[in-house]
There are 2 protein chains.
Amino acid sequence: MLTMSLYSGESHSGLEGAFAKKSDTDVRRGVEGISNSTLRRLEPREHVCREGEAKHYVYQVENGAVCLYRSMPDGHRQIMDFAYPGDFVGLGTSERHLLSGQAIGPTRLRCIPVSAIRQLAGRNPEFCFQLYEALSAELTAARDLLATVGTRSATERLASFLIALARRNERGGFNSNRIVLPMLRSDIADFLSLTVETVSRTFTRLKQRGIIDLPQSTLVIINDRDELEQVAGLTQQACA
Amino acid sequence: MLTMSLYSGESHSGLEGAFAKKSDTDVRRGVEGISNSTLRRLEPREHVCREGEAKHYVYQVENGAVCLYRSMPDGHRQIMDFAYPGDFVGLGTSERHLLSGQAIGPTRLRCIPVSAIRQLAGRNPEFCFQLYEALSAELTAARDLLATVGTRSATERLASFLIALARRNERGGFNSNRIVLPMLRSDIADFLSLTVETVSRTFTRLKQRGIIDLPQSTLVIINDRDELEQVAGLTQQACA
DNA sequence: CGCTACATTGAAGCTATTCAACGCCTGTGG
DNA sequence: CCACAGGCGTTGAATAGCTTCAATGTAGCG
């Protein structure tokens, strides 16, 4: 049975799509039917792939995390997404990788030959539809991020980011007020289209306002979730 | 035969994906097999759909153009894409529309029931894969725009926008130096995440520099395409 | 212990925004 | 035929927010 149920309740919650929902797709099950997949281990900061390279494999994150980004000619980069366990890297019909992928910490990946995906998709409509669902989730994530980056202030962006991570924790059954940040400040900056300095200052201001604690640079404690959601500008009350 | 060939040459040309390549997908052929589709005519500024609404149809633009956007609680909007003839509105597995769609000028749409799409996708792997291709193109467009908005200046954004439209003309066999802008300044602003005033000033500056002419507000003549590409910051020369 | 990488803080500068006014074009009615 | 109104576009001046550049702080690791 084709599920169609993903994203059934509209979230409109900033970056939620960008973190929380992707891994829930059924594609994981489908992929298990592929026999000829191999594993690959990556060191922190090691690249999975580089944009422009021929795409031989699609990868699925087993553990760790990968950031997917685009490099601009001037050296800037825009991180498009973070891929967590269960998420895919390299979906889409391009013959080349359109994004570079870099492991954030130690990471293990399952490597699936594109030819296998193509074959399975051609034979099995259900699997093909699951691919469609997975891409649909990626598209939603990209548009969530675009809306956030395009219309919100630095504070709102960072607050949205933290809330998205908190929701991700909830769904995983973890403490949603205790957020571990596996990525560097520069990764957050390149994701939210800010500078490292602005990210840092914004963290500090949230801390000064008592909304969060920051016992280590990689650990955020949310003290006042409601206030944080307010600050994220996600409150619908302004909508007529 | 499944094509997989879309986007085979990497473009990396700013917003190219956002305009040029989507309509070339094979889905158009596939959809012709759907019998129970109806037509709908829209006045300028009339809405195709509103975000959050239940999704009963997927639409295909026959003529005219539609802008797809997300409204933020504070009243701002982020235009995610412009859909031109051949493009689809409402693809994806959500049960609700995730974006609002508004006709830019007089527009004719083909309305395809989601149930029909779902059925056809379930039976016909090739059609399903074409859906996947179409979404893949949308995803690329969204990421192109994200990269542009996230990393480039107002001038670079507008120049990229014009180049994308020029390329679109080329592919349609039209004069690539004569660009008709069917949308308002406010649409361009909401697409590029700028204000109307900044868009206007940036047009003026490009005109003063002799790179473009602007005989009417809806007509752009590109005088110096090379210079415009330079300004867009797409020149790869800086890449090591 | 000191090195290196990352994070934070400060001060100055700049780009885009905001708010306000004006200009232009089209359509309408006197 | 001209006057006026309304929508859209352009321009100007002041401001705000983020960036830039530079310095300082901190934590892990040889």
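Numbered from 1 within each chain, the chains take letters A, B, ... in sequence-line order.
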- For every nucleotide of nucleotides 9-24 of chain C, 5' to 3': is a protein heavy atom under 4.0 Å from its base (B), only from its sugar-phosphate (S), or from neither (-)? BBB----SBBB-----
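Salt bridge status for Arg96(A) with Glu53(A): absent, with no side-chain N to carboxylate O gap under 4.0 Å.
By the side-chain contact (heavy atoms from CB on, under 4.5 Å) test, Ser153(A) pairs with Thr155(A), Glu156(A), sequence neighbours left out. Evaluation of the salt bridge (charged side-chain N to carboxylate O under 4.0 Å, His left out) rule for Arg108(B) yields Glu62(B) as partners, not counting sequence neighbours. For Arg209(B), the salt bridge (charged side-chain N to carboxylate O under 4.0 Å, His left out) criterion is met by Glu227(B), not counting sequence neighbours. When the side-chain contact (heavy atoms from CB on, under 4.5 Å) test is applied to Glu43(A), the partners found at least two apart in sequence or on another chain are Glu46(A). The salt bridge (charged side-chain N to carboxylate O under 4.0 Å, His left out) search around Arg143(A) returns Glu138(B), not counting sequence neighbours.
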Only pairs under 3.5 Å count here: list side-chain donor-acceptor contacts from residues 172-200 of chain B, not counting sequence neighbours, and write none if there are none.
unit_1    : atom_1 : unit_2    : atom_2 : d
Asn175(B) : OD1    : Asn177(B) : N      : 2.8
Arg185(B) : NH1    : Ser217(B) : O      : 2.9
Arg185(B) : NH2    : Ser217(B) : O      : 2.8
Asp187(B) : OD1    : Arg77(B)  : NH2    : 2.5
Asp187(B) : OD2    : Arg45(B)  : NH2    : 2.6
Asp187(B) : OD2    : Leu184(B) : N      : 3.1
Asp190(B) : OD2    : Arg77(B)  : NE     : 2.4
Asp190(B) : OD2    : Arg77(B)  : NH2    : 3.2
Ser193(B) : OG     : Gly150(A) : O      : 3.3
Ser193(B) : OG     : Gln78(B)  : OE1    : 2.7
Thr195(B) : OG1    : Thr198(B) : N      : 3.2
Thr195(B) : OG1    : Thr198(B) : OG1    : 2.9

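Screening residues 39-66 of chain B for ring-ring contact (aromatic ring centres under 6.0 Å, His included) gives His47(B)-Tyr69(B) as the qualifying pairs, with residues at least two apart or on separate chains.
When rounded to the nearest whole Å, the span between CZ of Arg185(A) and C1' of dT8(C) equals 9 Å.
Taking 4.0 Å as the cutoff to heavy atoms of chain A, we find the contact window on DNA chain D bounded by dC18(D) to dC21(D).
Side chain of Arg70(B) to main chain of Ser100(B): no donor-acceptor pair is present (N/O by atom type, distance under 3.5 Å, no hydrogens or angles).
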- Run the numbers on Arg110(B) and Ser37(B) for side chain to side chain donor-acceptor pair (under 3.5 Å), then give the verdict. CA-CA 6 Å; Arg110(B) 180 159 297 282; Ser37(B) 65; 2.8 Å; yes
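Listed by residue number, there are no residues of residues 212-219 of chain B with a heavy-atom contact under 4.0 Å to DNA chain C.
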